[in-house]
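Bear in mind the structure is a predicted one, so any value in this text is a computation, not a measurement. Note on naming: letters A, B, ... go to the chains in the order of the sequence lines (proteins, then strands), and numbering restarts at 1 for each one.
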Amino acid sequence: MEIRDLLKQNIQLALKELGVDLDLNEIVVENSKDPTHGDYATNVAMKLARVFGKSPRDVAGLIVDKISKDQIDHIEIAGPGFINFYMKNDSITGIVQRIIKENDNFGRSAKKNEKVNVEFVSANPTGDLHVGHARGAAIGDAISRILDFDGYDVTREYYINDAGNQIDHLGESLIERYKEDLGLPFNLPEDGYHGEDVKIIAKKIREKYGDKLLEKDNPLEFFKLVGQELELEKIREDLKTFNIVFDVFSSEKAIRANGAVEKEIEYLKDHIYLDGGAKVLRTTDFLDDKDRVIVKSNGEYTYFMPDIVYHVNKLSRGFDKLIDVLGADHHGYINRMKSALMMHGYSQDVLDIELIQMVRMMKDGKEFKLSKRTGNGYTLRELCEDAGVDAARYFFVMRAASGHLDFDLDLAVKQSSDNPVYYAQYAHARLSSVLNSASDIKIDETGSLLKEFSELELAKKLASFEDVVKIASKEKAPYKITNYIHELAEKVHAFYTECRVIDRDNIEVTSARLGLCLASKIVLKNALYLVGVSAPEKM
RNA sequence: GCGCUUAUAGCUCAGCUGGACAGAGCAUCUCCCUCCUAAGGAGAGGGUCGGACGUUCGAAUCGUCUUAAGCGCGCCA
């Protein structure tokens, strides 16, 4: 058990003796920021001052008298009524043994038997992924990894909008580019895709399927289908280089098949009214501030309609929870979709929409938007080439998703300490290097000889990993992990500088420190894994 | 006009759901390699937490008002 949980339990027991029942999660025990405040501290005495009708310091005194002092060296009452715990070294360094034993699984929670579907990226297969998609991809995948680590059963899903206008535009544009490639007169549609990438795809289609495609019965359908396949293949490849693999690709077309949309409309009929020939869903009965058209007066569906079907479809596949990672411009969409799901009797919490704010690409202190090569937007592929996958993924998740992100390309490329990715990876490489240099020395896994300040600080940081994972999971906040990685790397570097590990004249201390190195290396690696960043042995 | 989001050091951001002097990293300055990776460490300066009022023993954190910025408010997707 983690020390903080142990302290909480002890406090709970002490309070019980004093006649106060308090839930465990109401008891806050925090890592003291300041070493002069002990290792851990709690504010319960101040919280309960009124209940006891005494001053916070007096209440603290009562609690301290009753508390079990097993692993505690001594306790101080400080400031307005904080209780500061000074732990015995053993109770702090004992974590080393557990980490080494659990290894890759340290920090992982037991299976919860809850199925979560995380939908992200879901870009239309009409062009390359750009940096906006890339941030969504990095965050969506990191959330998936964190939830998985926290014991959820996670499915990563990509929704392909292959039935909408966008695909029509793609097909039309491809036909024109195909004509161009054949040397025929061509005329790009105004709302088509004018970029170079479409030209390339058209060329590919011609190479693969020949010059007679325009003579087909329905060339548009053919170009739509083949074009989309090729675009999707490209997207999949790009995501793979970005270290992201989806479990499921769902197609809008497939979901619309077999009258699923019509059935859904029938199901929702009590919530639908007609307005000038259009069918409108009364979402205002639930969370929305406005009713939404689902079938236009010309009989076509709005985007919203098949999307309802899609979300219901996801839930019908047995997921307990859906998470959508979407661009921040979708926030009007949240209450709309939740309302529709509530019409099915689901709780509004069954769907969790994580909004991702814009990314601004910065170079030389100035924003840039375009790719140098194609004249289109800057793509994920180029970003991977320019910044590297590790740096890109780290940068995308290191800020709260709800905030705008300035991606400093100069910094991401820089191989120095200013670059947070290298700072963390370097810590890992250093530990590896030490362990390699001392591979002949037996490692003491008990942690019992550790006593230096920087050793204890590092051990405490290691112990808090499990908690950090839980919080990051609960809040769907991968940036909590990168913050932790940075703090842990700091403690590692401080330990490395203060404590020489390998000392052949003192094998006992050496092997104890090697144990700490190994434990730190494991935790650093596990944490980096959660955000999809590699942990190099050498740099 | 209504709604959502954001506002913390010169810059980019944390702040553990109300606690002990507001923290990092860049940038600036000073020190530290006879020794496991100096891609590192130690230290200094820098803040009326956008503003005002309120709740509280206690507010960057909660509430109201206000200012500024971004986004959303289609029978678009």
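- Nucleotide B/U34 is matched to nothing when pairs are restricted to Watson-Crick or G-U wobble geometry with both distances under 3.5 angstrom.
- Side-chain atoms of A/Ser297 and base atoms of B/C75 include a donor and an acceptor less than 3.5 Å apart.
- Across B/G46 and B/U55, the matching C1' atoms stand 33 Å from one another, rounded to whole Å.
- Residue-to-nucleotide proximity on RNA chain B shows that, of A/Arg500 and A/Leu355, the 5′-proximal contact is made by A/Leu355.
- Under the 30°/60° scheme for interplanar angles, the aromatic rings of A/Tyr86 and A/His74 are found to lie parallel.
- Just one of A/Ile356, A/Leu383, A/Thr482 meets the side-chain contact (heavy atoms from CB on, under 4.5 Å) condition when paired with A/Phe396; it is A/Leu383.
- Under the Watson-Crick or G-U wobble criterion, with both distances below 3.5 Å, B/U55 is left unpaired in every strand shown.
- Side-chain contact of A/Asp128 with A/His133: a donor-acceptor pair under 3.5 Å is absent, judged by distance alone.
- When heavy atoms are screened at a 4.0 angstrom cut-off, A/Lys279 is found touching no nucleic acid atom at all.
- The residue A/Ser433 sits close to a base: some heavy atom pair falls under 4.0 Å.
- Taking only side-chain nitrogens and oxygens, A/Tyr423 comes nearer than 4.0 Å to OP1 or OP2 of B/G41.
- Of the listed nucleotides (B/C13, B/C75, B/A39), B/A39 has the atom at the smallest distance from the side chain of A/Met539.
- With hydrogens and angles left out, the side-chain atoms of A/Glu508 and A/Ser511 include no donor and acceptor closer than 3.5 Å.
- Of the N and O atoms on the side chains of A/Tyr193 and A/Gln166, at least one donor lies less than 3.5 Å from an acceptor on the other residue.
- A/Ile502 comes within contact range of at least one nucleobase, with a heavy-atom separation under 4.0 Å.
- Taking every side-chain heavy atom of A/His486 into account, B/A24 is the closest of B/U17, B/A24, B/A38.
- Side-chain contact annotation: A/Asp390 with A/Gln425, donor-acceptor N/O pair under 3.5 Å present.
- Atoms CD (A/Gln357) and C1' (B/G72) sit 11 Å apart, rounded to a whole Å.
- Side-chain atoms of A/His331 and base atoms of B/G3 include a donor and an acceptor less than 3.5 Å apart.
- Here A/Glu252 lies out of heavy-atom contact (under 4.0 Å) with every strand.
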A/Ile167/A/Thr126 under side chain to side chain contact (heavy atoms under 4.5 Å, CB included): CA gap, chis, key distance, verdict: CA-CA 7 Å; A/Ile167 297 292; A/Thr126 55; 4.1 Å; yes
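- Nucleotide B/U6 holds its C1' atom 14 Å from the OH atom of A/Tyr479, rounded to whole Å.
- Of the residues in residues 506-519 of chain A, not one places a heavy atom less than 4.0 Å from an atom of RNA chain B.
- Toward the 5' end of RNA chain B, the nearer of the two residues A/Ala400 and A/His493, judged by each one's closest nucleotide, is A/Ala400.
- A centroid separation of 6.0 Å or more is found between the aromatic rings of A/Tyr158 and A/Phe120.
- A/Asn124 has its CG atom 7 Å from the C1' atom of B/A77, to the nearest Å.
- At B/C57, none of the side-chain N or O atoms of A/Lys47 fall inside 4.0 Å of OP1 or OP2 (strictly under the cut-off).
- The partner of B/C49 cannot be assigned: no Watson-Crick or G-U wobble pair with both contacts below 3.5 Å exists in any strand.
- Distance from the side chain of A/Glu475 is smallest to B/U17 among B/U17, B/A77, B/C36.
- Put simply, CG on A/Leu405 is 10 Å from P on B/A14, counting in whole angstrom units.
- If you take CG of A/Asp275 and P of B/C75, they are 9 Å apart, rounded to a whole angstrom.
- In this structure, A/Lys290 reaches the B/G74 phosphate: one of its side-chain N or O atoms is under 4.0 Å from OP1 or OP2.
- Contacts between residues 434-445 of chain A and RNA chain B, defined by a heavy-atom separation below 4.0 Å, involve A/Val434, A/Ser437, listed by number.
- When heavy atoms are screened at a 4.0 angstrom cut-off, A/Arg336 is found touching base atoms of the nucleic acid.
- Annotation: B/G45 and B/G10 have their C1' atoms spaced 13 Å apart (nearest Å).
- Across all strands shown, B/G25 pairs with B/C11; the Watson-Crick or G-U wobble distances both stay below 3.5 Å.
- Residue contacts for A/Asn43: at a heavy-atom cut-off of 4.0 Å it reaches a base atom on one of the strands shown.
- In this entry B/G74 has no Watson-Crick or G-U wobble partner, no candidate having both defining distances under 3.5 Å.
- Considering every non-hydrogen atom in both A/Asp503 and A/Thr510, the closest pair reads O-OG1, 2.8 Å.
- Between the C1' atom of B/A77 and the OH atom of A/Tyr159 lies a distance of 11 Å, rounded to the nearest Å.
- Between the C1' atom of B/G72 and the CG atom of A/Leu326 lies a distance of 14 Å, rounded to the nearest Å.
- In this structure, A/Gly277 reaches neither bases nor backbone, as no heavy-atom distance under 4.0 Å exists between it and the strands shown.
- Under the Watson-Crick and G-U wobble criteria, each requiring two contacts below 3.5 Å, nucleotide B/G18 is left unpaired.
- Base orientation of B/U8: anti, since the glycosidic angle falls outside 90° of 0.
- Side-chain atoms of A/Asp324 and A/Tyr333 form no donor-acceptor pair, as typed in the model, at a separation below 3.5 Å.
- Taking atom C1' in both B/U17 and B/C21, the straight-line distance is 22 Å, to the nearest Å.
- At a cut-off of 3.5 angstrom, counting only N and O atoms as typed in the model, there is a donor on one side and an acceptor on the other between the side-chain of A/Asn84 and the base of B/A20.
- Pair check for B/U5 finds B/A69; Watson-Crick or G-U wobble, both atom distances under 3.5 Å.
- Between A/Phe395 and A/Phe407, the ring-plane angle classifies as tilted under the 30° and 60° cut-offs.
- When every heavy atom of A/Val293 is checked against every heavy atom of A/Phe304, the shortest pair comes out as O-CD2, 4.5 Å.
- Note: OH (A/Tyr422) to P (B/A39) measures 14 Å, nearest angstrom.
- A donor and an acceptor atom, one from each side chain of A/Tyr394 and A/Asn419, are nowhere located under 3.5 Å apart.
- The glycosidic torsion of B/C33 lies within 90° of 0, which places this base in the syn conformation.
- Between B/A22 and B/G47, the distance separating the two C1' atoms is 8 Å to the nearest Å.
- B/C75 sits 48 Å from B/A59 when the C1' atoms are compared, rounded to a whole Å.
- At the heavy-atom level, A/Glu490 lies under 4.0 Å from the strands shown only through sugar-phosphate atoms.
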